[in-house]
Every structure is written in structure tokens, then in C-alpha cells.
Amino acid sequence: MNLLAHARLMADYNRWMNQRVYAAAARLPAEAAAQDRGAFFGSILGTLNHLLTADRIWLRRFAEHPARYAALEPLRAHPAPTDLRAIAHDTLPALRAAREELDARIEDWIGETAEADLDQALVYANTRGVVSRRRFGLLLLHFFNHQTHHRGQVTTLLTQAGEDVGGTDLLELIPTLAADADGD
């Protein structure tokens, strides 16, 4: 599997897992989702807001790629968020709607991405203004890994709150292969 095929699988996984996480969070009372649970971003709602904010930051950076992805065009007109703890939406329904829109944008953008784009350098500044120049394909890996990391935190918080997200392994999206004629 090449890196682009991996990114497409991860975009599917991102959407699938977000649907599961938000469905589980929606079963909680609003105050339980907002309750500070001692996590790095405090609550379930706080951690989900961080994920949305971080994804917006990275997508805004990716919008500057020389390929000029049409799916990311709307992001070019807006400055990237600067506060990783920002609460973009203080209710789960509003946050969920924003997440669903962003996940559709991520899938559209990955669908536009070409293999040749992955080897190009992307120059960007982090939230503290430090400029970096890194290979775009490897930044995609970071983007999807960051999502997985924080969704893992959210699934733990949901479990502690009594809500089961269900299976979370990427393996659930990987198709099985038919056995070879040799029985392998």
C-alpha cells in the first residue's frame, strides 16, 4: 500500500471513528460531556473541540500546498485558529455538525491529493510562529495519527462515563483477502 492509499484509508477511519465517538457522547447528558475529568483538555467536549481546532489548523496549513486543493479553498480565507484549547462550540450538537462538515472536507481533499503531492515540502508556522519545512506526505501521517491519539483519550473518557464506543481498531475497516490457491 502506498502512502496515498494509506491516507485515504485513514480519512475513512477518521470519519467512521468520529461517528462512533459522537454517537456515544450524544448518549450522555450535556453536563457529563462537559464535566472536567482531569484529561489534558479537561472534558470529553474539550478534547473533541481540540481535535476540531487542531484539524482546522492543519487543514489551513495544507490549503497552502502548491496543489491548491479545491476542497480546502474555503479555509484559505480564514486565519488558522491559534489556541489549541479553544472551545469552537460549547454544545455537542453544534460541535458534531462542524465535525461532520470537516470530515466530509477531509475526504474530498484526500480524494484530490495526487501521489506526486506527497513528496513536496510544505512550509508552515506552528501556533507559536516557529517555521518548519517538512515533507507533505509525512505531515499527513502526523495529521491522522494526532486524530487517533486524541480519539483514544476520548474513548477512555467515554468509557469512564459509562458509554461504550464499541470497536475502535482500524482493522475493522481493512477488508479480508481471499486465500490463495496455495492455501496461504
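No hydrogens, no waters, no symmetry mates; every other heavy atom, side chains included, goes into these values. If you're wondering where the values come from, they're calculated on a predicted model, not measured in any experiment.
- Interatomic distance, CG of Leu138 versus CG of Leu3, reported as 7.0 Å (0.5 Å rounding).
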Using distance only, find each side-chain donor-acceptor pair of residues 122-130 under 3.5 Å and give its atom names and separation, not counting sequence neighbours.
unit_1	atom_1	unit_2	atom_2	d
Asn126	OD1	Arg128	N	2.8
Asn126	OD1	Gly129	N	3.0
Asn126	OD1	Val130	N	2.9

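- When the salt bridge (Lys or Arg N to Asp or Glu O under 4.0 Å) test is applied to Arg96, the partners found at least two apart in sequence or on another chain are Glu100.
- Here Glu101 pairs with Arg105 under the side chain to side chain donor-acceptor pair (under 3.5 Å) rule; sequence neighbours left out.
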query: Would Asp12 and Arg8 count as a salt bridge (charged side-chain N to carboxylate O under 4.0 Å, His left out) if you check the C-alpha gap in whole Å, the side-chain angles of each, and the deciding distance to 0.1 Å?
result: CA-CA 6 Å; Asp12 290 344; Arg8 289 182 176 143; over 6 Å; no

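- No continuous path of hydrophobic side-chain contacts links Phe41 to Leu95 [ILVMFWY only; heavy atoms under 4.5 Å].
- Once rounded to the nearest 0.5 Å, the distance linking NE2 of His142 with CD of Gln147 reads 9.5 Å.
- Rounding to the nearest 0.5 Å places CD1 of Ile57 at 6.5 Å from OG1 of Thr53.
- Taking Asp119 as the reference, Arg135 meet the side chain to side chain donor-acceptor pair (under 3.5 Å) condition, with sequence neighbours excluded.
- The two atoms that bring Ala98 and Arg56 nearest to each other are CB-NH2, 3.7 Å, heavy atoms only.
- Centroid-to-centroid, the aromatic rings of Tyr13 and Phe144 stay 6.0 Å apart or farther.
- By the side chain to side chain contact (heavy atoms under 4.5 Å, CB included) test, Ala30 pairs with no residue at all, sequence neighbours left out.
- Residues passing the side chain to side chain donor-acceptor pair (under 3.5 Å) test with Arg15 are Glu107, sequence neighbours excluded.
- Remark: Met10 CE to Thr148 OG1 distance equals 4.0 Å, nearest 0.5 Å.
- Trp109 and Phe62 have parallel rings, their planes meeting at less than 30° on a 0 to 90° scale where 60° marks the start of perpendicular.
- Under the salt bridge (Lys or Arg N to Asp or Glu O under 4.0 Å) criterion, Arg85 pairs with no residue at all, not counting sequence neighbours.
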In residues 42-52, what donor-acceptor pairs under 3.5 Å come from side-chain atoms, sequence neighbours left out?
unit_1	atom_1	unit_2	atom_2	d
Ser43	OG	Leu45	N	3.3
Ser43	OG	Gly46	N	2.7
Thr47	OG1	Ser43	O	2.9
Asn49	OD1	Ala88	N	2.8
Asn49	OD1	His89	N	3.1
Asn49	ND2	Leu45	O	3.0
Asn49	ND2	His89	O	2.9
His50	ND1	Leu84	O	2.9
His50	NE2	His146	NE2	3.2
His50	NE2	His150	NE2	3.3

Tell me which donor-acceptor pairs under 3.5 Å the side chains of residues 160-172 have, and how far apart each pair is, sequence neighbours excluded?
unit_1	atom_1	unit_2	atom_2	d
Glu163	OE1	Arg27	NE	2.6
Glu163	OE1	Arg27	NH2	3.3
Asp164	OD1	Gly166	N	2.9

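- With rounding to the nearest 0.5 angstrom, the CD atom of Gln19 is 7.5 Å from the CG atom of Asp103.
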task: List the steps, then state whether side chain to side chain contact (heavy atoms under 4.5 Å, CB included) holds for Gln35 with Leu28.
output: CA-CA 11 Å; Gln35 177 185 343; Leu28 291 173; over 6 Å; no

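- In this structure, the separation between CG on Leu4 and CD on Glu115 is 5.5 Å, given to the nearest 0.5 Å.
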Return a table of donor-acceptor pairs under 3.5 angstrom between the side chains of residues 63-77 and protein atoms on other chains or two or more places apart.
unit_1	atom_1	unit_2	atom_2	d
Glu64	OE1	Arg68	NH1	3.3
Glu64	OE2	Arg60	NH1	2.6
His65	ND1	Ala67	N	2.9
His65	NE2	Asp117	O	3.2
Tyr69	OH	Asp117	OD2	2.8
Glu73	OE1	Arg76	NH1	2.8
Arg76	NE	Ala63	O	3.0
Arg76	NH2	Ala63	O	3.1

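- Applying the ring-ring contact (aromatic ring centres under 6.0 Å, His included) criterion to Tyr22, with sequence neighbours excluded, gives no partner residue.
- Under the side chain to side chain contact (heavy atoms under 4.5 Å, CB included) criterion, Thr159 pairs with no residue at all, not counting sequence neighbours.
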